[in-house]
Amino acid sequence: MKAIEIDEAGGPEVLRLRERQAPRPGPGEILVDVRVAGVNFFDTSVRKHRLVEVPGAEGAGVVLETGEGVHGFAPGDRVAWMDSTRHGGYAEQVVLPATCFVAVPGTVDDETAAALVLQGLTAHHLATVSHAVRPGDVALVHAAAGGVGMLLTQLVKARGGTVIGLVSRPEKVGIATEAGADHVLVSTGAAFVGPVRDLTGGEGVHVVYDGAGATTFDASLEALRTHGTLVFYGPLIGEVPSIRVDDLPRSVRLTYPTTDDHLRGEGALATHMAELFALVGTGELVVRIGGRYPLADAARAHADIESRATTGKLLLFP
Ligand SMILES: NC(=O)c1ccc[n+]([C@@H]2O[C@H](COP(=O)([O-])OP(=O)(O)OC[C@H]3O[C@@H](n4cnc5c(N)ncnc54)[C@H](OP(=O)(O)O)[C@@H]3O)[C@@H](O)[C@H]2O)c1
């Protein structure tokens with residue numbers, strides 16, 4: 001079977017299409033024919049440090065074979081999966097523990113299912129747990145035209161919040177607005193603080209969702225109102241900020257959520273994915289595919305997402 005291998009730690013050029021031995025499922029594992037593999041910003045970090053041979057933490061496909069002791073899945077079933085430990089999704093076939101998989105309902109297509117897993121679960125965690133949005137809350141969403149950002153914007157709106165979206169280029173404004181952002185600011189540095197205060201009558205926002213790293217951290221804190229919450233969820237872009245706790249202003253709360261924490265406990269993956277699939281079914285959540293690439297072009301997908309030019313979800317097709 002064909003798969004993308006990370007030749008060595010480095011830039012997008014180290015991603016090469018190679019012939020590999022087809023995997024076989026061991027006890028408790030499932031072998032899947034990959035129809036769609038999701039690309040996440042996270043994958044660029046996996047590549048830079050060559051954390052695995054074959055990247056890819058999510059996707060959608062069809063069960064080919066189940067290992068001994070697997071219940072609830074059978075060959076021919078449509079499934080989606082997420083696994084941020086073993087990876088291997090940039091391939092024609094993947095084997096992973098059965099606990100990584102969920103069944104995909106007939107109403108949800110493969111592209112939507114693959115696009116919803118990591119970014120959807122992350123957005124769900126941010127809007128329902130990290131800061132459970134209440135009607136009337138004002139949220140500042142960084143990278144509002146990106147994969148997590150577009151889904152998060154829709155979830156905040158569905159819970160009755162107001163969204164101020166941040167994007168780096170004017171051409172992304174329409175995309176963020178389409179996702180439901182009430183206001184969209186174009187900014188790459190710290191210049192958003194003044195406009196955010198203007199939009200909130202000088203008060204600041206109830207919550208900032210910042211996945212952009214250290215460069216925007218101080219400005220994100222500055223944009224909060226008293227008792228606001230800074231949800232810092234993306235250390236992979238740029239440096240991790242260092243903080244002194246007694247420098248935190250205005251009684252704010254600071255949290256660093258990871259999606260794996262959202263999936264603790266038996267059945268959590270299936271439960272949260274069912275909620276996301278249901279929102280897609282009612283039309284409250286719309287997945288926007290920003291780029292489709294043949295598997296062989298994984299390097300181009302990585303170069304594109306790192307260039308800040310992309311919007312929505314990027315997908316690879318084996
Ligand atoms: N904590 C978790 O469990 C978790 C899970 C999933 C994702 N994440 C994090 O969520 C963030 C978004 O991930 P994603 O996969 O959904 O990607 P994405 O938002 O589709 O793409 C990345 C976006 O980040 C923005 N960005 C800001 N600074 C950037 C920079 N220096 N270089 C490149 N892009 C930059 C860009 O939007 P603008 O150009 O418009 O600013 C870009 O479009 C990442 O930080 C990722 O690590 C965290």
Side-chain angles (χ1 to χ4, degrees), residues 11-12 37-49 51 55-58 82-85 89 114-127 129-131 140-155 164-177 179 181 184-192 208-217 219-220 230-241 254-264 272 287-291 301-316:
V39 176
N40 291 285
F41 209 92
F42 173 54
D43 303 345
T44 67
S45 183
V46 170
R47 183 208 73 222
K48 273 185 196 155
H49 303 287
L51 300 183
E58 67 177 0
M82 182 192 132
D83 167 76
S84 50
T85 311
L116 263 188
V117 194
L118 192 46
Q119 292 176 343
L121 290 167
T122 300
H124 186 265
H125 191 196
L126 301 184
V129 180
S130 307
H131 172 88
L140 177 64
V141 174
H142 283 256
V148 172
M150 288 189 77
L151 297 172
L152 179 57
T153 294
Q154 295 175 68
L155 293 177
I164 303 174
L166 280 182
V167 296
S168 62
R169 304 172 180 211
E171 55 269 31
K172 293 186 179 183
V173 171
I175 309 279
T177 306
V184 184
L185 303 172
V186 180
S187 168
T188 48
F192 59 85
V208 177
Y209 295 110
D210 187 348
T215 49
T216 51
F217 185 80
S220 288
L230 173 51
V231 182
F232 174 81
Y233 70 98
L236 298 177
I237 301 173
E239 301 287 311
V240 178
L254 171 64
T255 178
Y256 166 39
T258 71
T259 306
D260 285 343
D261 294 331
H262 196 39
L263 302 178
R264 291 173 77 87
H272 297 321
V287 169
R288 184 179 190 280
I289 309 301
H302 276 217
D304 287 350
I305 201 168
E306 286 176 304
S307 76
R308 294 185 86 151
T310 60
T311 56
K313 182 71 189 178
L314 307 189
L315 297 174
L316 299 175

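For clarity, every value in this text was computed on a predicted model and none was experimentally measured. Remember, it's 1-based here, ligands and their atoms both numbered in the order they're listed. We number each residue from 1, following the sequence as shown.
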Heavy-atom nearest option to atom 38 (P) of ligand 1, drawn from Ser187, Ala57, Ser168:
Ser168
Identify, by atom number and element, the atoms of ligand 1 in contact range of Gly147, meaning under 4.0 Å from any of its heavy atoms.
16 (O), 18 (P), 19 (O), 20 (O)
Before signing off on this row, confirm whether Tyr256 and ligand 1 have an N or O atom pair separated by under 3.5 Å.
no
Residue-level breakdown please: for Val148 versus ligand 1, do any non-hydrogen atoms fall below 4.0 Å on the side chain, on the backbone, on both, or on neither?
both
Relative to the ring of His142, is the ring of Phe192 parallel (under 30°), tilted (30 to 60°) or perpendicular (over 60°)?
perpendicular
Please confirm whether Thr122 comes within less than 3.5 Å of ligand 1 when only nitrogen or oxygen atoms on both sides are compared.
no
For the student: nearest non-hydrogen atoms of Val167 and Ala144, plus distance
CG1-N, 4.3 Å
Who passes side chain to side chain contact (heavy atoms under 4.5 Å, CB included) against Ala303, sequence neighbours left out?
Pro12
Residues Thr122 and Thr259: side-chain donor-acceptor under 3.5 angstrom
yes
What distance separates Tyr233 OH from Asp210 CG, expressed to the nearest 0.5 Å?
7.5 Å
Asp83: what forms a side chain to side chain contact (heavy atoms under 4.5 Å, CB included) with it, not counting sequence neighbours?
Thr85, Arg86, Leu96, Cys100
For ligand 1, which atoms, with element, lie under 4.0 Å from some heavy atom of Gly146?
19 (O), 20 (O)
Side chain, backbone, both or neither: the part of Ser307 lying under 4.0 Å from ligand 1 by heavy atom:
neither
Fit a plane to each ring of His262 and His124, take the angle between them on a 0 to 90° scale, and name the class: parallel (under 30°), tilted (30 to 60°) or perpendicular (over 60°).
tilted
Short list, please: which atoms of ligand 1 are under 4.0 Å from a heavy atom of Thr310?
43 (O)
Minimum side-chain heavy-atom gap Val208-His131 below 4.5 Å:
no
contact_flag Ala145 ligand 1 heavy-atom lt 4.0 Å:
no
Any nitrogen or oxygen of Phe42, side chain or backbone, less than 3.5 Å from one on ligand 1?
no
Counting heavy atoms only, name the option from Lys172, Glu306, His262 that's nearest to atom 42 (C) of ligand 1.
Lys172
Would you say Thr258 has any N or O atom under 3.5 Å from an N or O of ligand 1, going by distance alone?
no
Picking from Asn40, Val148, Val39, what satisfies side-chain contact (heavy atoms from CB on, under 4.5 Å) with Lys313?
Asn40
Does an N or O anywhere in Gly211 fall below 3.5 Å from an N or O of ligand 1?
yes
Between Gln119 and ligand 1, which part of the residue brings a heavy atom under 4.0 Å of the ligand: side chain, backbone, both or neither?
side chain
Which ligand 1 atoms are under 4.0 Å away from a heavy-atom of Thr259?
2 (C), 3 (O), 5 (C)
State, with a plain yes or no, whether a side-chain heavy atom of Ser220 is found less than 4.5 Å away from one of Phe232.
no
